[in-house]
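One structure is given here, and the rest of the page talks about it.
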Amino acid sequence: MQPLLGLLMREAGKSASNAVAEVREAVDFLRYYAAQVQSTFDNPTHLPLGPVACISPWNFPLAIFMGQVAAALVAGNPVLAKPAEQTPLIAAEAVRLLWQAGVPREAVQLLPGQGETVGARLIGDARVMGVMFTGSTEVARILQRTVAGRLDTAGRPIPLIAETGGQNAMIVDSSALVEQVVGDAVSSAFDSAGQRCSALRVLCVQEEAADRVVEMLQGAMGELRMGNPGALRVDVGPVIDAEAQAGIIRHIENFKAKGHRVFQHPNHVSAAGIQGTFVPPTLIELNHIGELEREVFGPVLHLVRYARDDLDRLLDQINATGYGLTQGVHTRIDETIARVVNRAHAGNVYVNRNMVGAVVGVQPFGGEGLSGTGPKAGGPLYLLRLLSQRPGNAVAQAFEHIDNVSPPDRTEQQRLHTRLSALARWAQTAGREALAATCRRFGDEAQSGTARLLPGPTGERNTYTLLPRSKVLCHASQMGDALTQLAAVLACGGTAVWPAALASAAATLPQEVQASIELQTDPLASADPAIAACLYHGGSDALRALCQAIAQRPGAIVSVTALPEGSAEVPLERLVTERAVSINTAAAGGNASLMTIG
Ligand SMILES: NC(=O)c1ccc[n+]([C@@H]2O[C@H](COP(=O)([O-])OP(=O)(O)OC[C@H]3O[C@@H](n4cnc5c(N)ncnc54)[C@H](O)[C@@H]3O)[C@@H](O)[C@H]2O)c1
Ligand SMILES: N[C@@H](CCC=O)C(=O)O
């Protein structure tokens with residue numbers, strides 16, 4: 001333990017408590033993935049992808065590095081691991097520990113070096129059959145373009161799991177307890193010197209409460225101790241390097257120059273001259289969230305005031321950033337919690353608590369839109385993406401241990417399935433027996449619309465919900481395949497985007513099914529941000545061209561799921577998005593649910 005802590009603190013600038021938490025998270029990943037494989041995988045039915053490249057960032061140089069490598073390995077893949085150039089030593093120690101534990105040297109190899117050279121060469125190698133990436137949204141796009149069109153031996157696109165940045169907001173209404181808001185905002189924004197993808201970037205406070213929140217926040221910021229993280233008393237260490245420091249300071253100076261109110265506590269301003277790449281914790285007031293053009297990866301919190309009647313508009317503005325990683329809400333009004341949670345386009349939502357420190361298996365972690373492709377790290381679906389073949393019941397198996405403890409809530413799923421039932425009835429009447437059977441099977445297999453309680457500590461309620469990816473681009477040259485794709489989309493509750501050439505075929509379907517089809521003249525040219533998945537039936541040449549065209553679209557990374565003509569083996573989990581909601585049930589002065597015990 002001590003050598004790992006020492007490396008994390010010396011190489012990555014982690015505080016002692018962050019270093020301990022990081023070792024714990026790495027161990028959690030190892031145990032979680034190993035347990036899943038031991039209980040649900042079988043060598044003859046669960047086949048690996050082949051060589052997998054794991055590219056990780058410096059900000060969780062042990063936990064994320066180990067999480068990626070462990071997942072790829074337990075799924076049976078040899079791993080080529082490229083750590084961030086800033087943190088090769090801790091990665092080397094992690095690999096040494098894996099070898100020491102008996103992992104064959106050939107199965108996990110370390111390739112330290114620069115992203116633009118070693119990383120790019122690795123991703124460009126045609127032998128790599130899967131890519132796991134955690135890092136910036138910009139680099140993820142480069143990787144997507146590099147691998148677009150590379151197919152595995154079965155002619156399917158190789159998987160790219162990309163977990164990227166965020167523009168994370170916390171909404172605070174006037175009913176929230178200010179003391180609690182401030183504690184949670186400070187830890188969310190400034191822990192790890194703000195160098196977490198999950199970190200709070202924009203605190204949105206109802207105007208009636210804003211002055212009081214700002215006053216208390218400024219006081220709390222002054223209590224943070226900035227300095228060498230080798231000292232146990234230190235809360236905020238340096239940022240990773242001089243380049244990062246210069247970029248963050250430039251951002252702060254730009255906003256100062258534009259006349260925005262910028263606060264840094266005098267204690268920190270005087271300490272900023274100490275040797276090292278420090279940036280004082282900073283609060284910048286904005287007029288509007290749209291003033292932020294990109295993620296600022298450091299200890300900078302932005303604050304927006306909003307009018308009570310403008311909450312919906314604010315939620316739209318947050319969603320319009322295109323990112324969807326974490327979102328927080330502080331309120332004592334249940335209707336507001338429901339309104340914010342239901343409209344959030346974020347992978348991890350936190351209620352009346354801080355919004356960092358997701359725990360493996362409790363708050364499976366990962367975003368949507370510009371924040372990542374999924375599946376969530378430390379969640380039940382992650383390992384399945386690292387297989388080239390798995391049995392039809394693999395998704396159900398992945399949920400078995402959770403469902404054995406408490407069955408899922410399927411209320412929303414029943415509502416989602418009404419259109420699938422309409423298609424099944426139409427297929428039966430039209431004599432399309434195979435399609436009707438496929439609809440029934442998809443209806444049984446689909447998990448979209450289910451909600452599950454995950455284990456967690458008393459005082460916290462953690463739910464994991466599967467929701468439809470809203471629009472699915474559908475490509476098929478045969479009508480039978482187009483209808484199979486439609487059944488898959490309806491089973492998950494989404495909308496199928498069909499080329500306008502299929503307008504007359506769509507018109508023969510029942511009205512309620514037609515309501516889930518959107519006809520577009522040139523869907524590939526569309527920049528529609530709601531397009532979040534793609535289904536393809538057909539041969540390799542057209543598939544390569546499709547993947548390359550999709551990789552040129554602006555916005556989020558869209559994965560293509562390809563099947564041979566006539567196949568109805570659609571992996572339905574690719575058409576859903578995962579949402580983890582963590583609620584501090586003790587926030588309003590106690591855990592009321594405990595009163596129901598006994
Ligand atoms: N969503 C998540 O789970 C998550 C977790 C941690 C960090 N992040 C994000 O990571 C970013 C910070 O990390 P970073 O600065 O290390 O990110 P980065 O994108 O600069 O680098 C990440 C990795 O990619 C490599 N790389 C860079 N260019 C490459 C190229 N052309 N080809 C192949 N590899 C290349 C780097 O060497 C590094 O190993 C932030 O945006 C943060 O939000 C996301
Ligand atoms: N999983 C971490 C963030 C990882 C990205 O930096 C958290 O939840 O705080």
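Counting starts at 1 for both ligands and their atoms, following the listed order. All values below come from the heavy atoms of this structure, side chains included, with hydrogens, waters and symmetry mates left out.
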Whether D28 and R24 form a salt bridge (side-chain N of Lys/Arg under 4.0 Å from carboxylate O of Asp/Glu) is what I want to check.
yes

Would you call R96-E93 a salt bridge at under 4.0 Å N-O?
yes

For atom 9 (C) of ligand 1, the option (of G347, G135, A244) bearing the nearest heavy atom
G135

Does a donor on one side chain and an acceptor on the other come within less than 3.5 Å for R579 and T465?
no

T134 contact mode with ligand 2 (heavy-atom cut-off under 4.0 Å)
neither

With only distance considered, is R196 within less than 3.5 Å of ligand 2 through an N or O on each side?
yes

Could you go step by step and tell me if T450 and R452 meet the side-chain hydrogen bond (donor to acceptor under 3.5 Å, both in side chains) rule?
CA-CA 7 Å; T450 56; R452 291 174 167 83; 3.0 Å; yes

Give yes or no for whether the N/O distance cutoff of 3.5 Å, strictly under, is met between I64 and ligand 2.
no

Between Y32, Y33, F29, which is the residue that forms a ring pair (Phe, Tyr, Trp, His ring centres under 6.0 Å) with Y382?
Y33

Backbone or side chain, does any N or O of F365 fall under 3.5 Å from an N or O of ligand 2?
no

Taking the side chain as C-beta and beyond, is there a heavy-atom pair between M216 and E179 under 4.5 Å?
yes

So, does E22 use its side chain to make a donor-acceptor pair with the main chain of A63 at under 3.5 Å?
yes

Angle class for the H251/F255 ring planes (parallel below 30°, perpendicular above 60°, tilted otherwise)?
tilted

Identify whether the distance between the nearest side-chain nitrogen and carboxylate oxygen of R353 and D184 falls below 4.0 Å.
no

Classify the contact between S56 and ligand 1 as side chain, backbone, both or neither, using a heavy-atom distance cut-off of under 4.0 Å.
backbone

Quick check: does any side chain N or O of S388 sit under 3.5 Å from a backbone N or O of L49, one acting as donor and the other as acceptor?
no

Could you check whether any heavy atom of W58 sits closer than 4.0 Å to an atom of ligand 1, since that is the contact criterion I want to use?
yes

Side chain or backbone, does A358 bring an N or O within less than 3.5 Å of an N or O on ligand 2?
yes

Give the residue, atom name and distance (to 0.1 Å) of the protein heavy atom nearest atom 1 (N) of ligand 1.
T164 O, 2.7 Å

Output yes when a side-chain donor or acceptor of W99 lies under 3.5 Å from a complementary backbone atom of V108, and no otherwise.
yes

Looking at G165, which atoms of ligand 1 are within less than 4.0 Å of one of its heavy atoms?
43 (O)

State the atoms of ligand 2, each with its element, that fall below the 4.0 Å cut-off from a heavy-atom position in C197.
3 (C), 4 (C), 5 (C), 6 (O)

Which residue holds the protein heavy atom closest to atom 2 (C) of ligand 1, what is that atom called, and what is the gap in Å?
C197 SG, 3.3 Å

Counting heavy atoms only, which part of E138 comes closer than 4.0 Å to ligand 1: side chain, backbone, both or neither?
neither

Can you tell me which residue and heavy atom of the protein come closest to atom 37 (O) of ligand 1, and the distance to 0.1 Å?
E85 OE1, 2.5 Å

Considering distance alone, does some N or O of Q86 sit under 3.5 Å from an N or O of ligand 1?
no

With atoms numbered from 1 as shown, which atoms in ligand 1 lie under 4.0 angstrom from a non-hydrogen atom of P83?
39 (O)

Mark up the atoms of ligand 2 that fall under 4.0 Å of a heavy atom belonging to N59, in ascending order.
5 (C), 6 (O)

Atoms of ligand 1 under 4.0 Å from any heavy atom of P57, numbered from 1 in the order shown, are 6 (C), 7 (C), 13 (O), 16 (O)

What do you think, any protein heavy atom under 4.0 angstrom from atom 43 (O) of ligand 1?
yes

Donor-acceptor contact present, side-chain Q363 to main-chain V359, <3.5 Å:
yes

So, 4.0 Å and heavy atoms of T146: is ligand 1 close enough to count as a contact?
no

Counting both backbone and side chain atoms, is some N or O of S371 under 3.5 Å from an N or O of ligand 1?
no

What is the closest protein heavy atom to atom 19 (O) of ligand 1, and at what distance does it sit?
S136 OG, 2.6 Å

Nearest protein heavy atom with distance in Å, relative to atom 30 (C) of ligand 1
G115 O, 3.3 Å

State whether the shortest distance between N or O atoms of Q114 and N or O atoms of ligand 1 falls below 3.5 angstrom.
no

Within ligand 1, which atoms have a heavy atom of I64 less than 4.0 Å away?
5 (C), 6 (C)

Tell me: protein heavy atom nearest atom 25 (C) of ligand 1, and distance?
I55 CG2, 3.6 Å

So, S198 side chain and L325 main chain: donor-acceptor pair closer than 3.5 Å or not?
no

Which one holds for F60 and ligand 1: side chain close, backbone close, both close, or neither close, with close meaning a heavy atom under 4.0 Å?
neither

Going through the checks in order, is the side-chain hydrogen bond (donor to acceptor under 3.5 Å, both in side chains) test met by T326 and N348?
CA-CA 5 Å; T326 62; N348 288 69; over 6 Å; no

Looking at ligand 1, does any of its N/O atoms fall within less than 3.5 Å of an N/O of F133?
no

Look at atom 12 (C) of ligand 1 and say which protein heavy atom is nearest, naming residue and atom and giving the distance to 0.1 Å.
F297 CE2, 3.8 Å

Any cation-pi pair here, K14 with F60, using under 6.0 Å and within 45°?
yes

Tell me, with the steps shown, if N462 and E460 meet side-chain hydrogen bond (donor to acceptor under 3.5 Å, both in side chains).
CA-CA 6 Å; N462 292 288; E460 204 174 271; 3.0 Å; yes

State whether the shortest distance between N or O atoms of Y350 and N or O atoms of ligand 2 falls below 3.5 angstrom.
no

Nearest non-hydrogen protein atom, atom 41 (O) of ligand 1:
E295 OE1, 2.6 Å

Would a distance-only check, ignoring hydrogens and angles, find a side-chain to backbone donor-acceptor pair under 3.5 Å from T277 to V239?
yes

For ligand 1, which atoms sit closer than 4.0 Å to a heavy atom of N59?
6 (C), 7 (C)

Which of the ligand 1 atoms, numbered from 1, are nearer than 4.0 Å to a heavy atom of V139:
19 (O), 26 (N), 27 (C), 28 (N), 29 (C), 35 (C)

Give the contacting part of T137 toward ligand 1: side chain, backbone, both or neither, where contact means a heavy-atom distance below 4.0 Å.
neither

Check whether any side-chain heavy atom of L200 sits under 4.5 Å from a side-chain heavy atom of L301, and report yes or no.
yes

So if I count the atoms of ligand 2 from 1 in the order they appear, which ones are less than 4.0 Å from some heavy atom of G357?
7 (C), 8 (O), 9 (O)

Has the side chain of R201 got a donor or acceptor atom that lies under 3.5 Å from a matching backbone atom of V296?
yes

Under 4.0 Å from one or more heavy atoms of T134, ligand 1 contributes atoms 2 (C), 3 (O), 4 (C), 5 (C), 6 (C), 22 (C), 44 (C)

Do any N or O atoms from the side chain of N584 and from the backbone of N352 form a donor-acceptor pair under 3.5 angstrom?
yes

Should you measure from each heavy atom of V356, which atoms of ligand 2 turn up under 4.0 Å away?
9 (O)

Short list, please: which atoms of ligand 1 are under 4.0 Å from a heavy atom of G119?
32 (N), 33 (C), 34 (N)

Could you tell me whether H288 and H302 have their ring centroids closer than 6.0 angstrom?
no

